[in-house]
Amino acid sequence: ETGVTQTPRHLVMGMTNKKSLKCEQHLGHNAMYWYKQSAKKPLELMFVYNFKEQTENNSVPSRFSPECPNSSHLFLHLHTLQPEDSALYLCASGTGVMGNEQFFGPGTRLTVL
Amino acid sequence: RKEVEQDPGPFNVPEGATVAFNCTYSNSASQSFFWYRQDCRKEPKLLMSVYSSGNEDGRFTAQLNRASQYISLLIRDSKLSDSATYLCVVNKPSGTYKYIFGTGTRLKVLA
């Protein structure tokens, strides 16, 4: 498989559930990103990892917990979410070098009931 | 002022028309600029990077105006398949290299 993959593609969960989103990149990139896209809002950067180290946490609530075990994999662990957390969660990877673009996965569409 | 600002549209244009989008950014220290395209319920995909000298890729031309802090995208001879949301992306100069996305401009090309 090539590019950036994300699983699951769709997720429905209750507010008391715990679930995880997975992202994998096959591009040899060193930087990985989590974004949230809500309706009629711009993409919001959540977390940045560079060489497995978290370099950015954009004031994200602690009910979202990222994990980056290696440069190819990124997880987003979810617990006690709120209905307003329903959104499209996009993973991206990049070289981390200025001027180079990011490549996005297809996203996980999350609905919190 | 928003970090990256775009007119949300929609821009409704007939096939074959020329359409232009602008995007303004607030941080004069920004150095990397991109246009991404996002189809409905899909992920954003890179359309083109924007260079200081301007660049062209087929029917698409991107320009950067540093003095006025805006970038533009021109689409000539619009096709139905160009219907999408176009996202302006600017890097945020900071300790960590990251991107700021505009809300996007929606384009509908009509038959």
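By convention in this document, chain letters (A, B, ...) are assigned in the order of the sequence lines, proteins followed by strands, and residues within each chain are numbered from 1.
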Margin query: Are A/L90 and A/L27 connected into the same hydrophobic cluster when the rule is that any two of I, L, V, M, F, W, Y join if their side-chain heavy atoms are below 4.5 Å apart?
Written below: no
Margin query: Hydrophobic cluster membership, with links at side-chain heavy-atom distances under 4.5 Å among I/L/V/M/F/W/Y: are B/F21 and B/Y70 in one?
Written below: no
Check: At a heavy-atom separation under 4.5 Å, does B/Q6 approach chain A through its side chain, its backbone, both, or neither?
Finding: neither
Next item on the list: Flag yes if A/M13 and A/M46 sit in one hydrophobic cluster, no otherwise; membership is Ile, Leu, Val, Met, Phe, Trp, Tyr, and two members link when side-chain heavy atoms are under 4.5 Å apart.
Entry: yes
Next item on the list: Could you tell me which portion of B/Y36 (side chain, backbone, both or neither) has an atom closer than 4.5 angstrom to a non-hydrogen atom of chain A?
Entry: side chain
Notebook entry, point to check: Can you find a pair of side-chain heavy atoms, one from A/P42 and one from B/V4, that are under 4.5 Å apart?
Noted result: no
Check: Do the side chains of A/M32 and A/V60 join up, straight or via other hydrophobic residues, at under 4.5 Å, putting them in one cluster?
Finding: yes
Item checked: A/N100 side, atom CG; B/L46 side, atom CG - distance, nearest 0.5 Å -> 10.5 Å
Notebook entry, point to check: Can you tell me how far the CG atom of A/L45 sits from the CD1 atom of B/I100, to the nearest 0.5 Å?
Noted result: 7.0 Å
Notebook entry, point to check: Does some side-chain heavy atom of A/Q6 sit less than 4.5 Å from a side-chain heavy atom of B/E43?
Noted result: no
Next item on the list: Step through the shown structure and confirm whether more than 12 heavy atoms of other residues, nucleotides or ligands are within 6.0 Å of CZ on B/R37.
Entry: yes
Check: side-chain contact (heavy atoms from CB on, under 4.5 Å) between A/Q37 and B/Q38: does it pass, once the steps are laid out?
Finding: CA-CA 12 Å; A/Q37 189 173 35; B/Q38 186 171 26; 2.8 Å; yes
Notebook entry, point to check: So if you build clusters from Ile, Leu, Val, Met, Phe, Trp, Tyr with side-chain heavy-atom gaps below 4.5 Å, do A/F47 and A/L43 land together?
Noted result: no
Note to self: For the aromatic rings, using the six-membered ring if either is Trp, is the centroid distance between A/F104 and B/F101 under 6.0 Å?
What the structure shows: yes
